[in-house]
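Working notes, beginning with the structure itself.
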2 protein chains.
Amino acid sequence: MTTLSPSGPIAGQRKVRRATMNDVARLAGVSIKTVSRVVNDEPGVHPSTAERVLAAIDQLGFRRNLSARNLRRGSSTGTIGLVLEDVGNPFYSGVTRAVEEIARLRGRQVISGSSDEDPGRERELALEFCSRRVDGLLIVPAGLQHSYLVPEMRAGTPVVFLDRPAGDVVADTVLVDNIGGTVEAVTHLAAHGHRRIAFLGDAPDIFTANERLRGYREGCVRTGIGYHEELVAMGPHDEGSVAATLRRLRTLREPATAIVAGNNRITVHILRSLAGSAERPALVGFDDFELADLLSPPVTVIAHDASALGKAASDLLFARLDGDNSPPRRVVLPVRLVPRGSGEVHA
Amino acid sequence: MTTLSPSGPIAGQRKVRRATMNDVARLAGVSIKTVSRVVNDEPGVHPSTAERVLAAIDQLGFRRNLSARNLRRGSSTGTIGLVLEDVGNPFYSGVTRAVEEIARLRGRQVISGSSDEDPGRERELALEFCSRRVDGLLIVPAGLQHSYLVPEMRAGTPVVFLDRPAGDVVADTVLVDNIGGTVEAVTHLAAHGHRRIAFLGDAPDIFTANERLRGYREGCVRTGIGYHEELVAMGPHDEGSVAATLRRLRTLREPATAIVAGNNRITVHILRSLAGSAERPALVGFDDFELADLLSPPVTVIAHDASALGKAASDLLFARLDGDNSPPRRVVLPVRLVPRGSGEVHA
DNA sequence: GGCCACTATGACAACGTTGTCCCCCAGCGG
DNA sequence: CCGCTGGGGGACAACGTTGTCATAGTGGCC
């Protein structure tokens, strides 16, 4: 194995101009159009000519400029844009992976970015993607205003909202059954004898957090254990605030004996806070996560599949790209309670 | 809050042609060049003119076409390409996040794709990114041949290899101290009295797997416990093969009392296989992972920071983009053993 | 031998933007 | 009143590619 040094810029030389079809054409002694034909596998090029062209391409290291191509062709840049909350969050990286998979099958590249729950950033990313003329847009909304997308949608860019609905446009949306999930969580805990069930959720202006709170409340009402303000703690949570909340819940006149966690991050914060304490409340977490089954006790969760979400949204998007122009759809994916132990502790 | 329906394609109408600078110019009663000036915040436009232009832009929902811009300007498409093994793997999604962060600070978008350890796919992705004229390329190599990148590097596209070195080109590379890590793992286990330490690693043609094996071997030699073929199991591992290997290790004439796991996936497979069994060998895993500290016993790991890796690589890439043309560098990031319990079990 | 059909190839414009260069006009000094 | 200056704005070409249309050559057929 010889080690090639690319003897070019790396060694501090001037940048070499990139070869264009023109250069290839000159070298191969044909017209630029013929090069184009070869590059695009168009018929009607004599095999021997094609061979000369290919040799020239190889020699020059030619690679066609997709900016130029996209400009000329007008339609389809072969990319789709994905705006999510945080690629670093395993849930969203699962979504990303699924989207990438579907996109690959359909010959598209994914461009993604994290909004970090900042509506301004979400908008910035989405519009940036539009400037790049993505063929479609998948968005996990951070904000409630999406009218900024109207011109893009009018111009034919399909948009699918993911995990949360758009604020003020009508568009395809894929959600999970947040309400059903927390109703089930509460029901499950109540069935195991718990009457004092707390809910720790994310900031209430986040759609899913709010929905899950609603489900929690409905569960409390349906099971007859009643809804008690003091058992609810919403808001952006970090390790510290979760620990503080747990302390508070323990010292109530009637302490909480069970907890529903509003998302995977909160579940983990809770687990970490509880680590080592002998007495631990029953726990059901929203979102499944790796290793939940290996903890002791294993963590009961409301599971919903990141891949399924990504796949459903991509499928919807590609259906639009294929010309489906039926009215906007709202898909709600089911969740399921996975009993593992942590929620089956008796009160 | 009113609900806007984008009354366009969604409702099944014809696609509206997207507004161009020409349309804006016509509407604003100026030349296209003036529109360009406004859009690019160039000086020399009368405030009142600029206002008219901005109004027209708003009215038409104009968004400049970056394909055209990039084509015309020739340099910098404002994107960087990231080829990794699997965005769905938490380790790589951490890398992605870090890269995205740095890119954002430098005004770049990240385009990423997963190679799934397939060299062909890696190449395909990298070249696709080159066709899109990314400003730079970050690659977690799947294969050993990277001479296909030479024309690109010559043309001035900086390339940084991540986590593994390139096969046959000289280029910037950021690695972690794989050898040092497994040496330390073995040393740690030996210090706790283990003499029969097994190693479960990934396929040996993967650079990191091979390095870690080397470290393991060196650790065995240095500690004087000796290297025994029968204690090593390389190869692509899944849940089943790991379980089988563990059974084999248990039934040796001198069974293994400790295990070093070659990466986070293997560690998890091991944990899952061991779940429930009373007697468990000591374990040190390569790669830290979320909740490792909450398992029982908590899992001792060789930790290295995905963000640090992503950041180091991006920093290197942007240094190149800023004109640094010193000889290619190889950065090796330190790892550290995080003792948590699973590796401190006495033999 | 003349005409046609067909294959292989090329000339040219156009995609939407920006860099270069030029022009117009108001204001000002001589 | 003239020439000069500088701010504001426009005409035009060019980026690299592809779609449209034209054309040269070749062989077959009456």
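If you're wondering where the values come from, they're calculated on a predicted model, not measured in any experiment. Below, chain A is the first sequence line, B the second, and so on; all start at residue 1.
Within residues 62-75 of chain B, the residues approaching DNA chain C are Phe62(B), Arg64(B), Asn65(B), Ala68(B), Arg69(B), Arg72(B), Arg73(B), by heavy-atom distance under 4.0 Å. Only at 4.0 angstrom or more do the heavy atoms of residues 127-137 of chain A sit from any atom of DNA chain C, so none qualifies.
Atom NZ of Lys33(A) is separated from atom C1' of dC12(C) by 11 Å (rounded to the nearest Å). One atom, CZ of Arg17(A), and another, P of dA14(D), lie 14 Å apart when rounded to the nearest Å. Put simply, CZ on Arg18(A) is 15 Å from C1' on dT17(D), counting in whole angstrom units. We find that CG of Asn22(B) is positioned 13 Å from C1' of dA11(D), with the value rounded to whole Å. As a whole-Å value, the separation of Asn40(A) CG from dT17(D) P is 10 Å. What separates CD1 of Ile32(A) from C1' of dA13(C) is a distance of 12 Å, to the nearest Å. Distance CE (Met21(B)) to C1' (dC15(C)): 14 Å, rounded to an integer number of Å.
Formation of a donor-acceptor pair under 3.5 Å by the Thr20(A) side chain with backbone atoms of Arg18(A) is not found in this model. Side chain of Glu122(B) to backbone of Val83(B): no donor-acceptor contact under 3.5 angstrom is found. Asp118(A) places no side-chain N or O within 3.5 Å of a backbone atom of Ser115(A) that could act as its donor or acceptor partner.
Judged as a salt bridge (charged side-chain N to carboxylate O under 4.0 Å, His left out), not a single pair has a partner in residues 27-41 of chain B (not counting sequence neighbours). The salt bridge (charged side-chain N to carboxylate O under 4.0 Å, His left out) contacts involving residues 129-150 of chain B comprise Arg108(B)-Asp135(B), Glu128(B)-Arg132(B), where partners must be two or more places apart or lie in separate chains.
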What's touching nucleotides 22-25 of chain D from the protein side, N or O pairs under 3.5 Å?
none

Taking only N/O atoms, report every protein-nucleotides 5-9 of chain C pair under 3.5 Å with atom names and distance.
from: dT9(C); atom 1: OP1; to: Thr49(A); atom 2: OG1; distance (Å): 2.5
from: dT9(C); atom 1: OP2; to: His46(A); atom 2: N; distance (Å): 2.7
from: dT9(C); atom 1: OP2; to: Thr49(A); atom 2: OG1; distance (Å): 3.4

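Partners of Arg330(A) under the side chain to side chain contact (heavy atoms under 4.5 Å, CB included) rule, at least two apart in sequence or in another chain, are Pro165(A), Leu175(A), Val332(A). In this structure, the side chain to side chain contact (heavy atoms under 4.5 Å, CB included) partners of Arg329(B), at least two apart in sequence or on a different chain, are Asp172(B), Leu316(B), Arg320(B), Asp324(B), Ser326(B). By the ring-ring contact (aromatic ring centres under 6.0 Å, His included) test, Phe129(A) is found to be paired with no residue, residues two or more places apart in sequence or in another chain being considered. In this structure Phe161(B) satisfies the ring-ring contact (aromatic ring centres under 6.0 Å, His included) test together with His146(B), sequence neighbours excluded.
OP1 and OP2 of dT17(D) both lie 4.0 Å or more from every side-chain N or O belonging to Ser36(A).
Taking CG of Leu125(A) as the start and CG of Leu82(A) as the end, the distance is 10.0 Å to the nearest 0.5 Å.
With 3.5 Å as the limit, one finds no donor-acceptor pair spanning the side chains of Arg73(A) and Ser67(B).
We find that Arg164(B) and Glu117(B) are joined by a salt bridge, their nearest charged nitrogen and carboxylate oxygen being less than 4.0 Å apart. For the pair Asp116(B) and Arg97(A), the salt-bridge criterion is met [side-chain N within less than 4.0 Å of a carboxylate O]. With salt bridges taken as basic N to acidic carboxylate O contacts below 4.0 Å, none links Glu100(A) and Arg104(A).
Comparing the helix axis at one end of the helix from dG1(C)-dC30(D) to dG30(C)-dC1(D) with that at the other, each defined from 5 consecutive pairs, gives an inter-axis angle of 70° (nearest 10°).
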Please list, one pair per line, the donor and acceptor atoms closer than 3.5 Å that link side chains of residues 47-56 of chain A to other protein atoms, with sequence neighbours excluded.
from: Arg52(A); atom 1: NE; to: Ala28(A); atom 2: O; distance (Å): 3.0
from: Arg52(A); atom 1: NH2; to: Ala28(A); atom 2: O; distance (Å): 3.2

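At least one side-chain heavy atom of Arg106(A) sits under 4.5 Å from a side-chain heavy atom of Asp322(A).
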